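As structure tokens, the structure follows; a few thoughts come after it.
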There are 2 protein chains.
Amino acid sequence: MSKDTSGTTRGRSGIKAVAELAGVGIASVSRVLSGQRGSSPQLTKRVLDAARQLGYAPNALAQGLRRRTTRSIGFVGSDITNPLIASIVSGAESVLSLAGFSVLLTNSGGIPSVDAERIEVLLQRQVDGLIVLPALEDDPGTLAALRNTQTPIVLIDRTLPADIRAQYVLSDHYRGVGDASRYLLAAGHRHIGLVVGRDVRPTRERVRAVEDAYDGSGIARDLLVHRGTLSPEHGEEALEEMLSGAVPPSAVILGGNQLLEGALRVVHRRGLQLGKDLSLVCCDDVPLGRFHQPPIATVMRDSALLGKRAAELLLAQPETPGTNEPVYLPTWFEPRASCGPRATDTSDTRRKRTARKVSVTQG
Amino acid sequence: MSKDTSGTTRGRSGIKAVAELAGVGIASVSRVLSGQRGSSPQLTKRVLDAARQLGYAPNALAQGLRRRTTRSIGFVGSDITNPLIASIVSGAESVLSLAGFSVLLTNSGGIPSVDAERIEVLLQRQVDGLIVLPALEDDPGTLAALRNTQTPIVLIDRTLPADIRAQYVLSDHYRGVGDASRYLLAAGHRHIGLVVGRDVRPTRERVRAVEDAYDGSGIARDLLVHRGTLSPEHGEEALEEMLSGAVPPSAVILGGNQLLEGALRVVHRRGLQLGKDLSLVCCDDVPLGRFHQPPIATVMRDSALLGKRAAELLLAQPETPGTNEPVYLPTWFEPRASCGPRATDTSDTRRKRTARKVSVTQG
DNA sequence: TTGAAAGCGTTACCAT
DNA sequence: ATGGTAACGCTTTCAA
């Protein structure tokens, strides 16, 4: 059982054991190991040797308790399974781990009360910072949890009431969706469908972008907005409902990549040909989106960059207390074959050219 | 600045403050708040009130230091951006957070030395358990890091030397890939290409599965194995190379979902029609795989379940010390239109029916 | 039932 | 340059 051939007897040894083995004081061990200068070469060597021999590694809990900093940050998102979120986490983690920070990951499943609870758990764990993508921007519980701390907070793609002390990393959804809308309008589409999620910043920006695109083109607003959750199921339901309506849109913008799968189910079931029978734009890339037949036009963004910037904001915090300007990150429209000119088919006569404005359907 | 309208002055208050405000001893506060019975109703009420009034939340660091358990587990994987890994993490997180555990997430980028380093960091942070998907099964550093601890460890889809004290959650790749192979052989394919990653358990099982499928069907082994990393780039390179070879396979199995994107680039570039010019099988689902034209035949598995089982093993650890049987989880082949019968085209005459056995190309 | 005090493994102050 | 010691915030004997 106990073959101690190796001279290295690793195990649960504390700083005390190192001090004893090295024949020095506990404080000296601490000093040497935390890389502070002010120790003689001999002492340093003795300590280092002893530490190595014991396989000593400091207890981060004790360090954190004493130093009042844990070099860890918490991430609160809805669902790591969403490639967009995964990418954000990945971007943040790469920056943070390089700086010696660890990431505490939490999924809330998009449930506001869980958001709040997880934020509280992470704060109890004394994280040095929080990156949050809350499900809602006005959930009392979530806001209370965020208000209840001095810990630096970075929000991604959300804007919270001004009394919340936080920094923001925001995507310029307005631009990408605006470009997509103008592209569609230029292609002759006059009735655009927009599927969005809950009332958070990206949703508002996207709606505004399409509306402004209509206005800017001097075309009467004829926008069909469908609100729900950003799930494949909602994507399916929303598109089905839109296409079954009295005046189906000839082009649809999906405000979230998770919607695409559901939407494609409808497209395939109905045997629609994208870019011809229906033009489709998706917000945020989906792995095989560009290999779909036809490729799916997409409002792109560098999602890993969102996470990186958020992490950088957190890391810079101590030095830069004042800079509260939100960080804006670009989006851009990549037209692909899923978008085509509006079919000038006979059924067009069916359309009532009433002065419909913006109609909203709850999903 | 300091509007103290609310009676609740939340903040950094410790257990001491609660004790003072309640006019009781520190120990009593601890007892009440950790839900131990043995306190009078009056005491309990006083404590609870004081705690609420101060917005007190215990410091998990101090608790962990004292209790010698942190209710946190570490996850070490290559890349959360891979939907497979994301799904595993998500499965684990759902089980763990329900049990009050937090997850420390780490990405190693598939670099063995980083695996080792991250394991060590997590151990320093005193995690109560580790879920690991190391890049290699025999990296000395990684093995040393794992050996150097009493902390419970669960490995996913990897088998390590017997001297490593760990539990295993393994997918039955043999079955799924075997079924896929038999399907292809039955469809007339005689020369199958297999793209795999590094020499880890899934790779070995997949190779073995195809070989055994040949043998079991009484067909001479004519397998072309391409080894590399499981990246889109390698997928592209591998397929390109295989198809450019003297005797290109008529069917290819991709041993990893990340390969598909690259492979599809080749397919589209060459204008190949899947299921006709080339049959393609992918291991592990890719979001839009079934919506590709034609849909991609896939060796499926419940990847979230891998994470869940791993988490459950960790949570059960204290009670079940002995049970060291690996947990086996199924995979299954879902044939889709990307697989078709072997084309009996003229170029068939070109094939030299030499007694080639298993040829291996390094990627 | 309650509370004082020791101790978890560090760090940082303050002498020496 | 070095080491003793008091905290850090909590849990857990142990006495009362």
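Keep in mind that this is a model prediction, so the values were computed, not measured. Proteins get letters first, then strands, A, B, ... in listed order; numbering begins at 1 in each.
Atom CG in L33(A) sits about 13 Å away from atom P in dA12(C), given to the nearest Å. When rounded to the nearest whole Å, the span between CZ of R46(A) and C1' of dG3(D) equals 14 Å. Put simply, CD on E20(A) is 13 Å from P on dG9(C), counting in whole angstrom units. Atoms CD1 (I26(A)) and P (dT10(C)) sit 9 Å apart, rounded to a whole Å. In this structure, CD of Q36(B) is placed 9 Å from P of dT13(D), rounded to the nearest angstrom. The nearest whole Å value for the distance from the NZ atom in K45(B) to the C1' atom in dT1(C) is 19 Å. Computed from coordinates, the L65(B) CG to dG7(C) C1' distance equals 9 Å when rounded to whole Å. Whole-Å rounding puts the Q126(B) CD to dC8(C) C1' distance at 11 Å.
Looking only at atom types and distance, the side chain of D115(B) has no donor-acceptor partner in the side chain of T142(B) under 3.5 Å away. Side-chain contact check for R118(B) and S102(A): no donor-acceptor pair (N or O, by modelled atom type) lies under 3.5 Å.
At a cut-off of 3.5 angstrom, the base of dA12(C) holds no donor-acceptor pair with the side chain of R31(A). With hydrogens and angles ignored, a donor-acceptor pair under 3.5 angstrom links the side chain of R66(A) to the base of dT11(C).
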Checklist entry - Please walk me through it: do D49(B) and R46(B) pass salt bridge (Lys or Arg N to Asp or Glu O under 4.0 Å)? => result CA-CA 5 Å; D49(B) 283 351; R46(B) 295 174 61 91; over 6 Å; no
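Relative to the side chain of I15(A), the nucleotides dT11(C), dT12(D), dG9(D) differ in distance, and dT11(C) lies closest. With dT10(C), dC10(D), dT2(D) as the choices, the nucleotide that has an atom nearest any side-chain atom of L43(A) turns out to be dT2(D).
S39(B) comes within contact range of the sugar-phosphate backbone alone, with a heavy-atom separation under 4.0 Å but no base atom that close. Among the protein residues, L61(B) comes within range of no part of the nucleic acid, since none of its heavy atoms lies under 4.0 Å from any strand.
Toward the 5' end of DNA chain C, the nearer of the two residues T44(B) and R67(B), judged by each one's closest nucleotide, is T44(B). Nearest-nucleotide positions on DNA chain D for K16(B) and Q42(A) put Q42(A) closer to the 5' end.
Phosphate proximity of dT2(C) to S40(B): present, with a side-chain N or O under 4.0 Å from OP1 or OP2. Not one side-chain nitrogen or oxygen of Q63(B) sits closer than 4.0 Å to the OP1 or OP2 atom of dG9(D). One finds no side-chain N or O of S28(B) lying less than 4.0 angstrom from the OP1 or OP2 phosphate oxygen of dT2(C). For R68(A) and dG9(D), the shortest distance from a side-chain N or O to OP1 or OP2 is below 4.0 Å. The side chain of S30(A) contributes an N or O atom lying less than 4.0 Å from OP1 or OP2 of dT11(C).
Taking CG of L130(B) as the reference point, atom OG1 of T149(B) lies at 7.5 Å (rounded to 0.5 Å). Summarising the geometry, atom CZ belonging to R147(A) is positioned 8.5 Å from atom CG belonging to L160(A); distances are rounded to the nearest 0.5 Å.
In this structure the side chain of V132(B) never reaches within 4.5 angstrom of the side chain of I156(B), judged on heavy atoms.
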